[in-house]
Amino acid sequence: MPAFTLPDGSVRHFDHAPSGAELAAAIGPGLARAALAVVVDGETRDLSRPLEHDAAIRFITRRDEEALTLIRHDAAHVLAEAVQALYPETQVTIGPAIENGFYYDFARPEPFTPEDFPAIEAKMRDIIAANAPFVREVWEREAAITFFAARGEHYKAEIIRDLPAGETITLYRQGEWVDLCRGPHMRTTGDVGDAFKLMKVAGAYWRGDHRNAMLSRIYGTAWRDRKELDAYLTQIEEAERRDHRRLGREMDLFHIQEEAVGSVFWHPKGWALYRRVEAYMRRRLDANGYQEVRTPQLVDRALWEASGHWEKFREHMFIATVEEEEKTLALKPMNCPCHVQIFRQGVRSYRELPLRMAEFGACHRYEPSGALHGIMRVRAFTQDDAHIFCAEDQIAAETVRFVELLGQIYRDFGFPDFRVKFSDRPLIRAGSDAVWDRAEQALSEACATAGVTYTLNPGEGAFYGPKLEFVLRDAIGRDWQCGTLQVDFVLPERLDADYVGEDGARHRPVMLHRAILGSFERFLGILIEHHAGRFPLWLAPVQAVVATIVSDADSYAEAVAARLREAGLAVECDTRNEKINAKVRTHSLAHVPVLLVVGRKEAESGTVALRRLGGAAQEVLALDEAVARLAREATPPDLLPAWQR
RNA sequence: GCCGACGUAGCUCAGUGGUAGAGCAACUGAUUCGUAAUCAGUAGGUCGUCAGUUCAAUCCUGACCGUCGGCACCA
């Protein structure tokens, strides 16, 4: 007779196999009303299924975060039923819960449009109001295939055909409607509630493969209650306000135009920001034993053939030819083969290792048109790239050193938290399995030494080696993969790099490909969105504006601005014939961190009224003190004396 | 690259089969003002490009380019 252990440690005994719902009722009527699903030894199940064996039990109610997944999954089913009710010619495929919501992929000659949403949502509300129970049925494979094929649901039939032998095939009914699904589901369609909204339509390939048919996907969001839904919609609006493309235009940082698709025109203010980041990175690298180099943009295809990139990435390379010569050159899509060329000049000694070769390398890649996105995904970009040539037994120490540097840099840019993913061997790869074994092992040992905990990202490594990926989290909770550290035993072999060891013999170095920001373009996009354009003083393109109240203060304002410029600050002077209210508004909207207001009083007393972005308070300071204070505040974090960090 | 939507002044957006408007920005003038929009005036557009339909196209049709949202891709 089964016994169930509850979260409080108490045990309930039954003389039969009760359903989850029965068990909940036995515990209490409140729980019986609230329970949506039951977790049996860690596995979430429908309340209707009998519990045959002894198990640890807990219930999921609407108060649990886990309810979200159930609600979203059920919402996907309700969406599918609604769509088939309204558009009977539509085939259903799959519809999972995802972060923040759910989607369902439909096969239909005519794709859906957002104009269809009101009708579909109304139908969904009807289905939810009908409160039909979800009923689980176990089917025999052939019967299930015949059933779906007969209904013209060929995708469902294909899914069943491809299920591994021995897999239990379950269908769920909700009223008249039925779908193949492994579950679990809540009790009834009514449990979905009313906190959902259809968001957008999109094309999506069947089974995520671009060789397959394009399906019509409908995305929705669903939450436990209206309040959560509204909070989510507000968060989306917030993200739109932060959009780097919008801020880039509003703050006059950069633009992109048709004649140079995927390349950035940096305006003076955007370039100021770029240069601050670059200068900071250069100082950090200098201080960490890197040697900066610069390598050619145009490189003969022979080198790319030797490196293996020509074979794998040719379609993504910009090719250049001249009429005079037969040569085919490619704009470099990456820097590593060029760095190996520098390494190969002369004879290298083990004494030079680890050799850390850095380049702010400008690269070009012909990215698919649909991948382009503002300055985040472009065709011309600059990596904060470096390659560490080292011996195999130096991988661990170099990894530790790199992770420390990376953490420091992320903190300085305002990203205190990051996580690490470990990507191991992909299906298509260079190098023997023995080499991959060694590379993966070296990297995982290095992680252990560096105290890095990671999540595994199977099969996502580069074709030449495994990699660590560093993912930071921004101010509104979005994850961005920026840094990377890749172990490469292959390229030194292919490009014949070697060094003379202690034993006098030639050895292959290992290459560690590594980047911290990834690309400047993308990282600046992330920075813009993370700070919502309100940069910390050391990064702000315009750090301060001196604004006059009356034109009598113009010459004093210019003098104030000059003093600040001498102290190294980027300052503008606003002597326009405008009221101070208008000036405050203009510069606040432009996200200028510091406003120095000067009128007759300040001009006479040699002071400034200092106002911070976002605050209404003003502080009247002697000019000298204001300059000293702002100069200190605008100091990049790596240049602050130790006691101030 | 694939599916869909979109493209009107610098920006945000109206609008119509008879060659276009608003607000903000810009410019000019007045105003000299104490912390988120002073007032008045002026100027600004081959309505993404190219074809087609039509007496007539910014509007209808098609192709292309670009942008946006996804998918696929991301050395």
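First the proteins, then the strands, lettered A, B, ... as listed; each starts at 1.
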Sticking with atom [atom1], work out how far [N] lies from [M], rounded to a whole angstrom.
| N | M | atom1 | value |
| --- | --- | --- | --- |
| B:rU38 | B:rA25 | P | 9 Å |
| B:rA9 | B:rG23 | C1' | 12 Å |
| B:rA40 | B:rA5 | P | 44 Å |
| B:rA43 | B:rC2 | P | 47 Å |
| B:rG34 | B:rA26 | C1' | 27 Å |
| B:rG7 | B:rG48 | P | 8 Å |
| B:rG1 | B:rG17 | C1' | 37 Å |
| B:rC6 | B:rG45 | P | 27 Å |

Establish, yes or no, whether a centroid distance under 6.0 Å links the rings of A:Tyr87 and A:Phe112.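 Distance test on ring centres: under 6.0 Å, yes.
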With a 6.0 Å cut-off on the ring centroids, do A:Phe106 and A:Tyr104 count as close?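 Yes, the ring centres sit under 6.0 Å apart.
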Classify the nucleic acid contact of [X] as base, sugar-phosphate or nothing, counting any heavy atom under 4.0 Å across all strands shown.
| X | result |
| --- | --- |
| A:Glu602 | base |
| A:Leu589 | base |
| A:Ala609 | base |
| A:Ile549 | base |
| A:Lys601 | base |

Identify, with sequence neighbours excluded, every residue that meets ring pair (Phe, Tyr, Trp, His ring centres under 6.0 Å) alongside A:His339. A:His387
Side chain of A:Pro111 (C-beta onward), nearest among B:rG66, B:rC3, B:rA36: B:rC3
Could you list all N or O pairs between the protein and nucleotides 40-46 of chain B that sit under 3.5 Å apart?
none

Scan residues 540-552 of chain A for pairs that pass salt bridge (Lys or Arg N to Asp or Glu O under 4.0 Å), counting only residues two or more places apart or in two chains.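 Passing the test, one end in residues 540-552 of chain A: A:Asp552-A:Arg600.
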Can you list every pair that meets salt bridge (Lys or Arg N to Asp or Glu O under 4.0 Å) and has a residue in residues 108-118 of chain A, with sequence neighbours left out?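 Found A:Glu89-A:Arg108.
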Verify whether one side chain among A:Thr295 and A:Gln341 offers a donor that lies under 3.5 Å from an acceptor in the other.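 Their side chains do not contain a donor-acceptor pair, so the 3.5 Å distance test is not met.
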Taking 4.0 Å as the cut-off, does a side-chain nitrogen or oxygen of [X] come that near to OP1 or OP2 on [N]?
| X | N | value |
| --- | --- | --- |
| A:Thr113 | B:rG4 | no |
| A:Asn581 | B:rA36 | yes |
| A:Arg249 | B:rU12 | yes |
| A:Arg245 | B:rG69 | yes |

Using a distance-only criterion (donor-acceptor N/O pair, under 3.5 Å, no hydrogens), is the base of B:rG7 paired with the side chain of A:Glu258? no
Does A:Gln618 or A:Arg576 map to a spot on RNA chain B nearer the 5' end, using the closest nucleotide for each? A:Arg576
Could you say whether A:Arg611 or A:Leu372 is positioned toward the 5' end of RNA chain B, judged by the nucleotide with the nearest heavy atom to each? A:Arg611
Tell me the interatomic distance from [X], atom [atom1], to [N], atom [atom2], rounded to whole angstroms.
| X | N | atom1 | atom2 | answer |
| --- | --- | --- | --- | --- |
| A:His244 | B:rU67 | NE2 | P | 12 Å |
| A:Glu315 | B:rG1 | CD | C1' | 12 Å |
| A:Arg585 | B:rA37 | CZ | C1' | 5 Å |
| A:Glu240 | B:rC11 | CD | C1' | 17 Å |
| A:Glu578 | B:rU35 | CD | C1' | 14 Å |
| A:Ile218 | B:rC3 | CD1 | P | 18 Å |
| A:Leu253 | B:rG10 | CG | P | 20 Å |
| A:Leu595 | B:rA36 | CG | C1' | 11 Å |

Using the ring of each side chain (for Trp, its six-membered ring), is [X] parallel, tilted or perpendicular to [Y], with breaks at 30° and 60°?
| X | Y | answer |
| --- | --- | --- |
| A:His364 | A:Phe318 | perpendicular |
| A:His244 | A:Phe254 | tilted |
| A:Tyr454 | A:Phe422 | tilted |

Inter-residue atom distance A:Tyr155.OH - A:Leu215.CG, 0.5 Å rounding: 5.0 Å
Run through A:Asp574, A:Leu564, A:Val597, A:Leu595 and flag the one making a side chain to side chain contact (heavy atoms under 4.5 Å, CB included) with A:Val546.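 Checked A:Asp574, A:Leu564, A:Val597, A:Leu595 against A:Val546; only one passes side chain to side chain contact (heavy atoms under 4.5 Å, CB included): A:Leu564.
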Please check this pair: side chain of A:Arg217 against backbone of A:Gly95, looking for a donor-acceptor N/O pair closer than 3.5 Å. no
Under 3.5 Å, is there a donor-acceptor pair between the side chain of A:Lys123 and the main chain of A:Val83?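 Not at all, since once roles are kept as given, no pair shorter than 3.5 Å links the two residues.
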Only Watson-Crick and G-U wobble pairs, only distances under 3.5 Å, only runs of 3 or more: what stems does that leave for RNA chain B? B:1-7 with B:65-71, B:10-13 with B:21-24, B:26-30 with B:38-42, B:48-52 with B:60-64
Taking the six-membered ring of A:Tyr366, is the NZ or CZ of A:Arg379 close enough (under 6.0 Å from the centre) and on axis enough (within 45°)? yes
Contact pattern, 5' to 3', of nucleotides 70-75 of chain B - B, S or - by protein heavy atom under 4.0 Å: BBBBBB
